[in-house]
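Contents: one structure, followed by commentary.
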Amino acid sequence: MRFNEKELICLSRQPSEMAAELGMRGPKKGDVVKKRLVKLVVNFLFYFRTDEEEPIGALLLEQCRVEREDTQIFSIAFLDEAERKYLFECDSEEQCKDWIDSIIKASYEFMRRNLIFYRTEIHRLTGKDPLEQYGISDETRFQGNSGSQLVARDTSSL
């Protein structure tokens with residue numbers, strides 16, 4: 001995927017959902033753990049050298065799996081390259097859990113599923129489609145997997 005570097009740098013300077021210095025190891029064989037400033041901004045995870053203002057990299061948090069590896073370590077692997085894992089070392093078990101939860105909730109797909117779920121619930125309770133007033137109720141991105149409108153979704157895993 002291509003990105004405009006200047007826009008990414010601008011995005012990295014926006015207020016973050018979370019930010020901390022974490023140990024980070026890249027996916028390449030032989031990579032070692034290095035201290036990095038890690039910032040979660042919308043659905044991007046930016047990482048910086050601790051003494052620099054511009055990011056040295058960014059991970060787009062879509063189609064990825066976030067897993068706890070140990071009490072204070074989590075990993076991010078992308079579905080199309082599952083063997084390439086980024087590892088992050090936190091200062092505590094609680095910090096690790098917070099990062100995992102925040103990263104999972106940052107994805108577009110997570111937000112889309114929530115929108116579809118709440119749209120369905122509002123329609124069930126009121127009989128009205130809350131997206132209709134915005135003229136976007138027929139857009140496929142706001143439909144359930146089957147493509148039909150207002151499909152109930154299981155969100156117990158959200």
Side-chain angles (χ1 to χ4, degrees), residues 1-121 131 136 139-147 151-158:
M1 187 177 290
R2 293 179 174 254
F3 296 100
N4 180 308
E5 189 174 332
K6 289 180 183 178
E7 287 180 4
L8 277 180
I9 290 170
C10 183
L11 181 62
S12 76
R13 293 181 178 144
Q14 297 300 310
S16 60
E17 326 297 321
M18 288 189 79
E21 283 189 15
L22 303 176
M24 180 181 173
R25 189 179 83 202
K28 295 178 186 163
K29 200 170 203 142
D31 278 352
V32 295
V33 175
K34 296 179 181 175
K35 203 59 139 171
R36 297 285 185 230
L37 171 61
V38 180
K39 281 179 68 175
L40 177 61
V41 181
V42 192
N43 61 345
F44 279 93
L45 193 67
F46 293 97
Y47 50 98
F48 303 75
R49 288 188 181 92
T50 56
D51 59 343
E52 295 182 6
E53 290 193 20
E54 287 194 7
I56 56 173
L59 302 176
L60 176 61
L61 300 171
E62 299 299 335
Q63 297 185 11
C64 65
R65 175 173 287 128
V66 182
E67 294 180 335
R68 183 182 294 253
E69 299 286 331
D70 200 354
T71 56
Q72 294 177 235
I73 300 173
F74 69 91
S75 66
I76 298 174
F78 293 90
L79 300 181
D80 59 345
E81 297 179 286
E83 69 283 350
R84 293 186 52 172
K85 275 188 184 178
Y86 294 83
L87 289 176
F88 298 87
E89 294 182 2
C90 301
D91 293 331
S92 68
E93 190 173 342
E94 183 179 344
Q95 183 187 41
C96 187
K97 180 188 176 310
D98 291 345
W99 274 101
I100 292 169
D101 290 345
S102 294
I103 289 170
I104 290 169
K105 292 175 182 172
S107 79
Y108 171 83
E109 188 56 32
F110 179 86
M111 290 184 265
R112 181 183 163 279
R113 283 194 315 258
N114 276 334
L115 180 134
I116 291 168
F117 171 77
Y118 288 115
R119 175 187 185 196
T120 303
E121 285 299 296
L131 299 182
I136 57 174
E139 291 189 23
T140 56
R141 63 185 168 157
F142 301 126
Q143 309 303 320
N145 285 344
S146 67
V151 175
R153 307 245 320 149
D154 176 14
T155 59
S156 59
S157 63
L158 300 180

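We number each residue from 1, following the sequence as shown.
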query: SG of Cys96 to CD of Glu69: how many Å apart, nearest 0.5 Å?
result: 9.5 Å
query: Do any N or O atoms from the side chain of Asp70 and from the backbone of Gln72 form a donor-acceptor pair under 3.5 angstrom?
result: no
- request: For the residue pair Ile9 and Glu7, establish whether any side-chain heavy-atom pair is separated by less than 4.5 Å.
  value: no
- prompt: Between Gly23 and Lys35, what is the shortest heavy-atom contact and its length?
  reply: N-CD, 4.2 Å
Output a table of donor-acceptor pairs, distance under 3.5 Å, between side-chain atoms of residues 49-66 and any protein atom two or more places apart or on a different chain; print 'none' if there are none.
| residue | atom | partner | partner atom | Å |
| --- | --- | --- | --- | --- |
| Glu62 | OE1 | Tyr108 | N | 3.2 |
| Glu62 | OE2 | Asn43 | ND2 | 2.8 |
| Glu62 | OE2 | Tyr108 | N | 2.6 |

Any Tyr86 side-chain heavy atom under 4.5 Å of Phe78 side chain: yes
- prompt: So how far is it from Ile76 CD1 to Leu87 CG, rounded to the nearest 0.5 Å?
  reply: 9.5 Å
- request: Start with the C-alpha distance between Glu94 and Lys97, add both sets of side-chain angles, then the distance that settles salt bridge (charged side-chain N to carboxylate O under 4.0 Å, His left out), and finish with yes or no.
  value: CA-CA 5 Å; Glu94 183 179 344; Lys97 180 188 176 310; over 6 Å; no
query: Between Phe88 and Ile73, is a side-chain contact (heavy atoms from CB on, under 4.5 Å) present by the stated rule, with each step listed?
result: CA-CA 6 Å; Phe88 298 87; Ile73 300 173; over 6 Å; no
message: So Phe48 and Arg36, do their side chains get closer than 4.5 Å, heavy atoms only?
response: no
task: Taking the side chain as every heavy atom from C-beta outward, state whether Met24 and Val33 have any pair of such atoms under 4.5 Å apart.
output: no
task: Test Val32 against Arg25 for side-chain contact (heavy atoms from CB on, under 4.5 Å), laying out the working first.
output: CA-CA 5 Å; Val32 295; Arg25 189 179 83 202; 5.7 Å; no
- request: Decide yes or no for Arg68 and Ile100: does some side-chain heavy atom of the first lie under 4.5 Å from some side-chain heavy atom of the second?
  value: yes
field: Any donor-acceptor pair under 3.5 Å from Gln143 side chain to Glu139 backbone
entry: yes
field: Evaluation steps, side-chain contact (heavy atoms from CB on, under 4.5 Å), between Leu40 and Ser16
entry: CA-CA 5 Å; Leu40 177 61; Ser16 60; 5.5 Å; no
query: Is Leu11 close to Phe44 at the side-chain level, that is, under 4.5 Å between some pair of heavy atoms?
result: yes
query: Do Phe117 and Arg113 touch side chain to side chain, with heavy atoms closer than 4.5 Å?
result: no
field: Contact summary for Phe110 and Ile104, nearest pair of heavy atoms
entry: CB-O, 3.5 Å
- request: Apply the test side-chain contact (heavy atoms from CB on, under 4.5 Å) to residues Met111 and Asn114: give CA-CA distance (whole Å), side-chain angles for both, the deciding distance (0.1 Å), then the verdict.
  value: CA-CA 5 Å; Met111 290 184 265; Asn114 276 334; 5.7 Å; no
query: Do Lys39 and Glu17 meet the salt-bridge criterion of a basic N to acidic O distance under 4.0 Å?
result: no
message: When you compare the side chain of Asp101 with that of Trp99, does any pair of heavy atoms fall below 4.5 Å?
response: no
message: Nearest 0.5 Å, please: how far is CG in Leu115 from CZ in Arg141?
response: 9.5 Å
